[in-house]
Number of protein chains: 2
Amino acid sequence: MTTSNHNHQKCIRTALCQAEALCKARAQRLTPIREQVLRSVWSSHKAIGAYSIIDALAKQSSKPPAPPTVYRALDFLLDNGLIHRVNSLNAFIGCNAPGHQHNSQLLICRRCSNTTELVSEALNSQANKAAKQENFVLEQTCVELTGLCETCSREIAHDE
Amino acid sequence: MTTSNHNHQKCIRTALCQAEALCKARAQRLTPIREQVLRSVWSSHKAIGAYSIIDALAKQSSKPPAPPTVYRALDFLLDNGLIHRVNSLNAFIGCNAPGHQHNSQLLICRRCSNTTELVSEALNSQANKAAKQENFVLEQTCVELTGLCETCSREIAHDE
DNA sequence: CAAATAATGCAATATTATAACATATCTTCT
DNA sequence: AGAAGATATGTTATAATATTGCATTATTTG
């Protein structure tokens, strides 16, 4: 999932296409700013912070957007399930499967920062079970798994 | 797990006792500041933010501690497994079972903010499994489940 | 006791996020 | 098309969370 060993342009195109389609279907407006923010989020598979998005957009126009501009776009994208917030990094990552309601998990590499989204129904089921045992009404899950991605763990092994 | 329907003084005493014992065993110093911060974290079963801790300590002395003072104490307590960081709230909560290395899960009530720590080995096992499937070397898990605790869900049901 | 290590005090500042209000743009209805 | 209402953006200021760097004090070690 490094940005180098796959055609990342395709990831971006797919994400934007899906976003466009979803917004259309829901009568939501994917405005230029929202699209630019989504593009920034998808510029890599690393989670990106709001202020890095501001910096990225600054390079594309005369003056940088103000924080609220970006945060509002992020809120829109979050509400529409087009991106996820990575709580352990205070950052954002594109959603792999927008449109489907899903409880997903994130694998975050502490070395290269690449983040992979996956959906383990078995894990979700255990989360539901755990909540149920405490008579807890589960509404939202946040599962962020940190460690080393396959590539990085191999590279570290080589370096020693 | 509301603070009202149990003897919370006992929770605090137990936590401090365990902390003292653990630090002694590890030749770590549970200094006055660290102890005060731990006490603040344990003042309830709600996660508490660093600046709320500063406010709490301010009431106990002439001038409030500076942020680094509190953050350093928090780092110490985190390193020694005496508290957990709640990423989705940028806040901190006392650890139930310090001393045991464990991957725990948090149930966070969005209404009363009370937070319960539990350890589901079944869930942990699924997290390991998910990581393994991606050849990911799992080092740290963050599982934060948000919703309504039993008490709050009942109270909400009554109000309608 | 001296040296080394660990902890704290303190000032400044970085980073992340939101509030409040004005302006502009789009949609809808006539 | 034009007015009214809703939605989105611009702008300024500020809140909330967290860290850096360096001076000082306390504790441990030899």
Side-chain angles (χ1 to χ4, degrees), chain A residues 19-20 23-41 46-58 60-80 82-93 113 142 144, chain B residues 19-20 23-41 46-58 60-80 82-93 113 142 144:
Chain A
E20 212 169 317
C23 288
K24 195 164 191 175
R26 294 173 184 161
Q28 297 284 337
R29 293 162 55 196
L30 188 63
T31 62
I33 287 179
R34 290 167 177 174
E35 187 180 322
Q36 285 170 60
V37 169
L38 183 57
R39 233 179 242 284
S40 290
V41 169
K46 306 182 199 317
I48 186 172
Y51 280 76
S52 300
I53 295 174
I54 290 177
D55 293 344
L57 297 199
Q60 296 167 34
S61 79
S62 50
K63 63 165 77 170
T69 301
V70 166
Y71 277 101
R72 282 187 292 227
L74 288 169
D75 285 343
F76 171 87
L77 297 171
L78 285 169
D79 287 347
N80 284 280
L82 298 168
I83 62 174
H84 297 294
R85 187 170 202 287
V86 185
N87 287 319
S88 50
L89 300 175
N90 293 334
F92 303 87
I93 188 98
S113 300
C142 162
E144 300 177 6
Chain B
E20 212 169 316
C23 287
K24 195 163 191 178
R26 294 174 184 159
Q28 297 284 339
R29 292 162 55 195
L30 189 63
T31 61
I33 288 179
R34 290 168 177 171
E35 187 180 323
Q36 285 171 61
V37 169
L38 182 58
R39 233 179 242 284
S40 289
V41 169
K46 306 181 199 316
I48 187 173
Y51 280 76
S52 300
I53 294 173
I54 290 177
D55 293 345
L57 297 200
Q60 295 169 35
S61 80
S62 50
K63 63 166 76 170
T69 301
V70 166
Y71 277 101
R72 281 187 291 227
L74 288 169
D75 285 343
F76 172 87
L77 298 171
L78 286 169
D79 287 347
N80 284 279
L82 297 168
I83 62 174
H84 296 294
R85 186 168 203 286
V86 186
N87 288 319
S88 51
L89 301 174
N90 292 333
F92 304 86
I93 187 100
S113 300
C142 161
E144 299 177 7

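Because the structure is a prediction, the values reported are computed rather than measured. Below, chain A is the first sequence line, B the second, and so on; all start at residue 1. In what follows, every heavy atom counts, from backbone to side chain, and hydrogens, waters and symmetry copies are set aside.
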Point to revise | Earlier contact from the 5' end, DNA chain C, for B:Arg34 and B:Tyr51 | key: B:Arg34
Exercise for review: Please answer whether the main-chain N or O of A:Asn87 pairs with a side-chain N or O of A:Glu144 as donor and acceptor at a distance below 3.5 Å.
Suggested key: yes
**Study point:** Length of the CG-P vector between A:Asp79 and D:dA8, whole Å
**Key:** 11 Å
Review point. Please walk me through it: do A:Lys24 and A:Glu20 pass salt bridge (charged side-chain N to carboxylate O under 4.0 Å, His left out)?
Key: CA-CA 6 Å; A:Lys24 195 164 191 175; A:Glu20 212 169 317; over 6 Å; no
Exercise for review: Find the distance B:Ile33:CD1 to D:dT25:P and express it as a whole number of Å.
Suggested key: 15 Å
Are any protein N/O atoms closer than 3.5 Å to N/O atoms in nucleotides 3-6 of chain D? If there are, list each pair with its distance.
none

Practice item. Provide the closest heavy-atom pair for A:Gln60 versus A:Gln36 in the form atom of the first, atom of the second, distance. Key: OE1-OE1, 3.9 Å
Revision key, fill the gap. Closest of D:dG10, D:dA8, C:dA7 to the A:Thr31 side chain is D:dA8
Exercise for review: Select one nucleotide: of D:dT9, D:dT11, C:dC10, the one nearest the side-chain heavy atoms of B:Pro68.
Suggested key: C:dC10
Exercise for review: Side chain of B:Tyr71 only, please: which of D:dT19, D:dT9, C:dT18 is the nearest?
Suggested key: D:dT19
Practice item. Can you tell me the distance, in whole Å, between the CD atom of A:Glu35 and the P atom of D:dT9? Key: 12 Å
Review point. Between B:Arg72 and D:dT19, does any side-chain N or O lie under 4.0 Å from OP1 or OP2?
Key: no
Revision key, fill the gap. B:Ile54 and B:Pro65 have their tightest heavy-atom pair at CG2-O, 3.6 Å
Point to revise | Separation of atom CG in B:Asn90 from atom P in D:dT19, rounded to whole Å | key: 10 Å
Revision key, fill the gap. Rounded to whole Å, the CD-P distance (B:Gln28 to C:dA6) equals 10 Å
Review point. Of A:Leu38, A:Thr69, A:Val70, which meets side-chain contact (heavy atoms from CB on, under 4.5 Å) against A:Ile53?
Key: A:Val70
**Study point:** Spacing of A:Phe76 atom CZ relative to D:dT9 atom P, expressed in whole Å
**Key:** 9 Å
Revision key, fill the gap. Heavy-atom closest pair (A:Ala47 atom, A:Ile93 atom, distance to 0.1 Å) is N-CD1, 3.8 Å
Check your understanding: Side chain of A:Ala66: nearest nucleotide among D:dT11, D:dG10, C:dC10?
Key -> D:dT11
Review point. Using a cut-off of 4.0 Å on non-hydrogen atoms, how would the nucleic acid contact of A:Thr69 be classed: base, sugar-phosphate, or nothing?
Key: base
Check your understanding: When the distance from CZ of A:Arg29 to C1' of C:dT25 is rounded to whole Å, what number comes out?
Key -> 7 Å
Study note, to complete from the structure: Separation of C:dA11 atom P from B:Lys63 atom NZ, nearest Å, is 7 Å
Review point. Can you find a pair of side-chain heavy atoms, one from B:Phe76 and one from B:Gln28, that are under 4.5 Å apart?
Key: yes
